[in-house]
Engineer: 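Quick one: the structure is below, and I'll ask about it shortly.
Treat the numbers as computed from the prediction; the structure is a model and nothing was measured. Below, read A as the first sequence line, B as the second, and so on, with proteins coming before strands; counting in each chain starts at 1.
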There are 2 protein chains.
Amino acid sequence: MSSIRVALFEDNFHLRESLYFLIAAEADMECVGAFADCNGLKQNIVAAKPDVILMDIEMPGMNGIEAVAEIKQAFPGIPVLMQTIFQDDEHIFNALCAGASGYLLKSADPQQYLQAIRDVRQGGAPMSGPVARRVLELFQQTVKPESRNHYDLTQKEKEVLAELIEGKSFKMIADSLGISYETVRSHMKSIYNKLHVHSNTEAVIKALKERLV
Amino acid sequence: MSSIRVALFEDNFHLRESLYFLIAAEADMECVGAFADCNGLKQNIVAAKPDVILMDIEMPGMNGIEAVAEIKQAFPGIPVLMQTIFQDDEHIFNALCAGASGYLLKSADPQQYLQAIRDVRQGGAPMSGPVARRVLELFQQTVKPESRNHYDLTQKEKEVLAELIEGKSFKMIADSLGISYETVRSHMKSIYNKLHVHSNTEAVIKALKERLV
DNA sequence: CATTCCATCACCCTATTGTGGGATGCCTTT
DNA sequence: AAAGGCATCCCACAATAGGGTGATGGAATG
């Protein structure tokens, strides 16, 4: 098995050098580029042909989050590992949404860096402990805690609700379900009763937040 | 530092015994219970007082996913580590939604089990590589691929939209923002233009799906 | 200082929704 | 056979929302 080609983006000179030698010293990986900023990002990547990219978030000029978005667009196959001191929701969320495949806190020890590189190369998503936990929590809350609710909606009511959260009007729903406008309205009344809401909008919100469909 | 109290739920006798001795042999942890099913789940937990629970998904009677939901309700502070052979979306998704704090594939080697137990105890969320990657992908897609849209909503427009996804009517929004009904409508018209939608409902859907607020 | 953007409000008219009835026919359960 | 739930439809009336047009004052920009 050939060695893992790692490219590095880190503005801090000392850290960049340290990581370079850390990686270079490993038998199963090599550092094919160490850059201080994202100038000429794409050209650098084309030239270096990395298997994995290690990307700092805080950098002068284009920051790591913008960079990962560009990389994912231009080279969707190359996993990007974020390294950062930030562990607030906003940074984690943005980096992962931008397409990062892993998120390391800089407190991680050298061996964890190396392990994470191997891990991401093999299809994993290495994340420092607290970050992984936050991701899980964000994930769990987007799905809503007290989900498993069920409001005893009938089949037809669910269908109507499903159409509703497509943004359709009653008329359009009537049309696409092949029933009359008045029937749709009738189902809506019933849905309102069961969900304890009093408008289209509230029903949609509840349905989306609680994944009722 | 006192040792980590681990409780074990696993229907397979051999695996259960193996895990028991594996854990018991570690200096920093002890196995305070090894159960073949979820009968008397809560009583067992109360009696064993575990710090961490290791839970198999496939079990006779109550399965691991139902069990984790019950545990999270009754003992929200105890992290639950799922162990399973399943790595399909449905199982991962359900287990994590039910409140699991980690998800290990049974292919994991013994040292990884032990590391995962320590990890989850310290606030991490250990997940086997492919699972972590799937969670990230699910996460990224629930947030919507072509998100990072921003529609240049003004401050006030965002405020109105925020109220809207609370389920409020125009009148209520006018009231709570201290502006007139007509002004709310005015902002709404502008929001519709910017989001390219034509109704309250569509705006709410777009705002929720793309996390515009 | 003219222009543009924004927040604010008003009025008119139409379209869509919300609410409260009620009716029919078809199931399944009792 | 009676009772209940469901899907289907209808009507009427009130409330809310959508679309068009325009006006005002303030802040920011050039």
Engineer: State the CZ-NZ distance between R5(B) and K49(B), to the nearest 0.5 angstrom.
Structural biologist: 6.5 Å
Engineer: It should be established whether S199(A) places a side-chain nitrogen or oxygen under 4.0 Å from OP1 or OP2 of nucleotide dT17(C).
Structural biologist: no
Engineer: When the distance from CD of E202(B) to P of dT16(C) is rounded to whole Å, what number comes out?
Structural biologist: 13 Å
Engineer: By the 4.0 Å heavy-atom rule, please label S190(B) as base, sugar-phosphate, or nothing.
Structural biologist: nothing
Engineer: Is K189(B) close enough to dG18(D) that one of its side-chain N or O atoms is under 4.0 Å from OP1 or OP2 there?
Structural biologist: no
Engineer: Rounded to the nearest Å, what distance is computed from the CG atom of residue L164(A) to the C1' atom of nucleotide dT16(C)?
Structural biologist: 13 Å
Engineer: Determine the interplanar angle of the F86(A) and H91(A) rings, folded into 0 to 90°, and report it as parallel if under 30°, tilted if 30 to 60°, perpendicular if over 60°.
Structural biologist: parallel
Engineer: Assess, by modelled atom type and distance only, whether the side chains of Y151(B) and E210(B) contain a donor and an acceptor separated by less than 3.5 Å.
Structural biologist: yes
Engineer: In whole Å, I'd like the distance from the NZ atom of K158(B) to the C1' atom of dC6(C).
Structural biologist: 14 Å
Engineer: In whole Å, what is the span from the NE2 atom of H196(A) to the P atom of dG18(C)?
Structural biologist: 17 Å
Engineer: If you go through the side-chain atoms of R185(A), does one of them form a donor-acceptor pair with the base of dT19(C) closer than 3.5 Å?
Structural biologist: yes
Engineer: So which of residues 175-183 of chain A are in contact with DNA chain D, with a heavy-atom cut-off of under 4.0 Å?
Structural biologist: I179(A), S180(A), E182(A), T183(A)
Engineer: For E157(B) and S169(A), take the nucleotide of DNA chain C holding the closest heavy atom to each; which residue's nucleotide lies nearer the 5' end?
Structural biologist: E157(B)
Engineer: Would you find more than 12 non-hydrogen atoms of other residues, nucleotides or ligands less than 6.0 Å from F75(A) atom CZ?
Structural biologist: yes
Engineer: Using the rule side chain to side chain donor-acceptor pair (under 3.5 Å), only one of E159(B), K171(B), E163(B) pairs with S176(B); which is it?
Structural biologist: E163(B)
Engineer: Compute whether any side-chain donor of one residue and acceptor of the other, for T183(B) and S180(B), lie under 3.5 angstrom apart.
Structural biologist: yes
Engineer: Does any donor-acceptor pair link the side chain of T154(B) with the base of dC6(C) at a separation under 3.5 Å?
Structural biologist: no
Engineer: Could you state the interatomic distance from CE (M62(B)) to CG (D37(B)), rounded to the nearest 0.5 Å?
Structural biologist: 10.0 Å
Engineer: Whole angstroms only, please: what is the CE-C1' distance between M188(A) and dT16(D)?
Structural biologist: 14 Å
Engineer: To the nearest 10 degrees, what angle separates the axes at the start and end of the helix from dC1(C)-dG30(D) to dT30(C)-dA1(D), five pairs each?
Structural biologist: 50°
Engineer: Roughly how many Å is it from NZ in K156(A) to P in dG5(D), rounded to a whole number?
Structural biologist: 20 Å
Engineer: Salt-bridged, R16(B) to D56(B), with N to O below 4.0 Å?
Structural biologist: no
Engineer: Residues two or more places apart in sequence or in another chain: which of them pass salt bridge (charged side-chain N to carboxylate O under 4.0 Å, His left out) with R118(A)?
Structural biologist: E26(A), D28(A)
Engineer: Whole Å only: how far is the CD1 atom of I191(A) from the C1' atom of dG18(C)?
Structural biologist: 14 Å
Engineer: Starting at atom CG of N193(A), determine the distance to atom C1' of dG5(D), rounded to an integer number of angstrom.
Structural biologist: 15 Å
